[in-house]
Amino acid sequence: MSNETEDGVRDLMLRSLDRIVEEKAEGAAQKADGKPGFPAALWTALEEAGMTALGEENEGDLGLGNAAALIERAAYHTLPVPLAETILARRLLAKAGIDIPDGALSVAPPSANRDGKAAGVPWAGSVAGVVVVTSPDTLALVDARGASSPGFNMAGEPRQTIDLARAKVVASAKLAEAAKIAEAEGALIRAVQMSGAMSRVLEHGLTWANDRVQFGRPIARFQAIQHLMAELAAEGAAGSASALMAVEAMAERGDRLSAAIAKARTGEAAGRVCAIAHEVFGAMGFTQEHTLHYATRRLWSWRNEFGSEVQWQAEIGRTIAAGGADNLWATLTAHG
């Protein structure tokens, strides 16, 4: 498929998502914030549009690239659905040769699986299946409905703990380095989501700075605000660029180091983007009437899921150090 055709397919897909959001998801993030339940009507619309089954390896680079673009746009819209988790779960199940069930899916972060429990699992009690790493080289698909306790992350998204002894094991299979693969792909997905949310924060900030009037003129005309917004835009662009490069590297060669760099850089950018945005907005950014915090609270939550930037920065350092001084420049230039 030519680049022009590929871009056309992607643009059509994203416009379809925008239309679904307009028709089905007005105020969805606000309505779902910290509340139990599952947005069935919105999910059905995404399924019927074929948006929940993208990104599997047999689709090649186009599959992962389109999936990432869709995940980024869904994060921009702060959609309260497990779209990213379902795409991630389908990719992992396909790698392990496990039959993929219909419906929404989720993934348990490998680092949070200990003492017979999997903690911080998105939508565990509401989805058809959860992918769990049961050993460093084994994946399992479990039905956690009835075996999970309720909970939410800072953004009010469902994050539940599964009692693995009570969960029904649907299937299990060996997959070499399953834990590392799930961790890296999960980190990449969260980096892509943060990229989308930072784009939304930038848009909110620009609109606010041009609409908010102080001392007889919009605050966007004050040099201090211009400097802040320029820094916000630069941080968001750096994070988004690292995520895009990592998607390409993962599609081409399953590059864990690129995923590590993307998660570390977008996490770092997210912290600064949130701080600047709320500084520009003042208290208004946290009011229920404004939607800024639905993006920033997701950024604060996602930066710590599937590994924080500190964890990934440590791995980046270990990987580069292990390559030796002679390979330092080649490694740095190969990863942007």
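No experiment lies behind these values; they were computed from the predicted model shown. Side-chain atoms are counted along with the backbone in the values below, which use heavy atoms only and exclude waters and symmetry mates.
Under the 6.0 Å distance and 45° angle rule, Arg190 does not count as a cation-pi partner of Phe306.
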Evaluation steps, salt bridge (charged side-chain N to carboxylate O under 4.0 Å, His left out), between Arg256 and Glu315: CA-CA 10 Å; Arg256 179 182 173 89; Glu315 176 163 329; 2.5 Å; yes
Go through the steps for Val21 and Glu26 under the test side chain to side chain contact (heavy atoms under 4.5 Å, CB included), then give the verdict. CA-CA 7 Å; Val21 170; Glu26 183 178 357; over 6 Å; no
Please report the C-alpha distance between Thr161 and Val121 in whole Å, then the side-chain angles of each, then the deciding distance to 0.1 Å, and finally whether the side chain to side chain contact (heavy atoms under 4.5 Å, CB included) criterion is met. CA-CA 6 Å; Thr161 298; Val121 183; over 6 Å; no
Could you walk me through whether Thr266 and Gln193 pass the side chain to side chain contact (heavy atoms under 4.5 Å, CB included) test, one step at a time? CA-CA 9 Å; Thr266 54; Gln193 288 181 289; over 6 Å; no
What verdict does the side chain to side chain contact (heavy atoms under 4.5 Å, CB included) test give for Ile320 and Leu328, after you've listed the backbone C-alpha separation in whole Å, the side-chain angles of each residue and the deciding distance to 0.1 Å? CA-CA 7 Å; Ile320 292 177; Leu328 175 59; 3.4 Å; yes
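A 4.5 Å side-chain heavy-atom check between Leu164 and Val132 finds at least one atom pair inside the cut-off. Residues His77 and Asp18 have side chains in contact (heavy-atom distance under 4.5 Å, counting atoms from C-beta outward). Counting only heavy atoms from C-beta outward, the side chains of Phe38 and Pro158 never approach each other to under 4.5 Å. Put simply, the side chain of Glu231 reaches to within 4.5 Å of the side chain of Arg272, judged on heavy atoms. Phe152 places none of its side-chain heavy atoms less than 4.5 Å from the side chain of Arg159. When side chains are defined from C-beta on, Leu17 counts as touching Leu79, because their heavy atoms get closer than 4.5 Å. Counting only heavy atoms from C-beta outward, the side chains of Met229 and Val280 approach each other to under 4.5 Å. No side-chain heavy atom of Lys263 sits less than 4.5 Å from a side-chain heavy atom of Leu188.
Sparse packing is recorded around CG of Asp115, with 12 or fewer heavy atoms of other residues, nucleotides or ligands lying under 6.0 Å away. For Gln214, the CD atom is densely surrounded, since the number of other residues' heavy atoms within 6.0 Å is greater than 12. Crowding of Lys168 atom NZ: a count of heavy atoms from other residues, nucleotides or ligands under 6.0 Å not exceeding 12.
At a cut-off of 3.5 Å, with distance as the only test, no side-chain donor of Glu47 or Thr52 sits close to an acceptor on the other residue. When only modelled atom types and interatomic distance are considered, Lys174 and Thr138 share a side-chain donor-acceptor pair under 3.5 Å.
Ring orientation note: the planes of His278 and Phe286 are close to parallel, at an angle under 30° on the 30°/60° scale. Ring geometry for Trp208 against Phe281 counts as parallel: the plane angle stays under 30°, on a 0 to 90° scale with 60° as the upper cut.
Using a 4.0 Å cut-off between charged side-chain N and carboxylate O, Glu235 and Arg265 make a salt bridge. With salt bridges taken as basic N to acidic carboxylate O contacts below 4.0 Å, none links Glu268 and Arg303. Lys95 and Glu185 are joined by a salt bridge, as a carboxylate oxygen and a charged side-chain nitrogen come within less than 4.0 angstrom of each other.
Closest of all the heavy-atom pairs between Ala220 and Asn210 is CB-OD1, 3.7 Å. Minimum heavy-atom separation, Ala270 to Met194: CB-SD, 4.0 Å. The two residues Asp33 and Gly156 have their closest heavy-atom pair at OD1-CA, 3.4 Å. The minimum heavy-atom distance between Trp312 and Ala264, with the atom names listed, is CB-CB, 4.2 Å. Taking each heavy atom of Ala104 and Thr86 in turn, the nearest pair found is CA-OG1, 3.6 Å. Residues Ile162 and Ala144 come closest through the heavy atom pair CD1-CB, 3.7 Å.
Between Val170 and the options Leu141, Ile98, Asp99, Val130, a side chain to side chain contact (heavy atoms under 4.5 Å, CB included) holds for only Leu141.
Transitive grouping of hydrophobic side chains (ILVMFWY, heavy atoms separated by less than 4.5 Å) keeps Met198 and Trp300 in distinct clusters.
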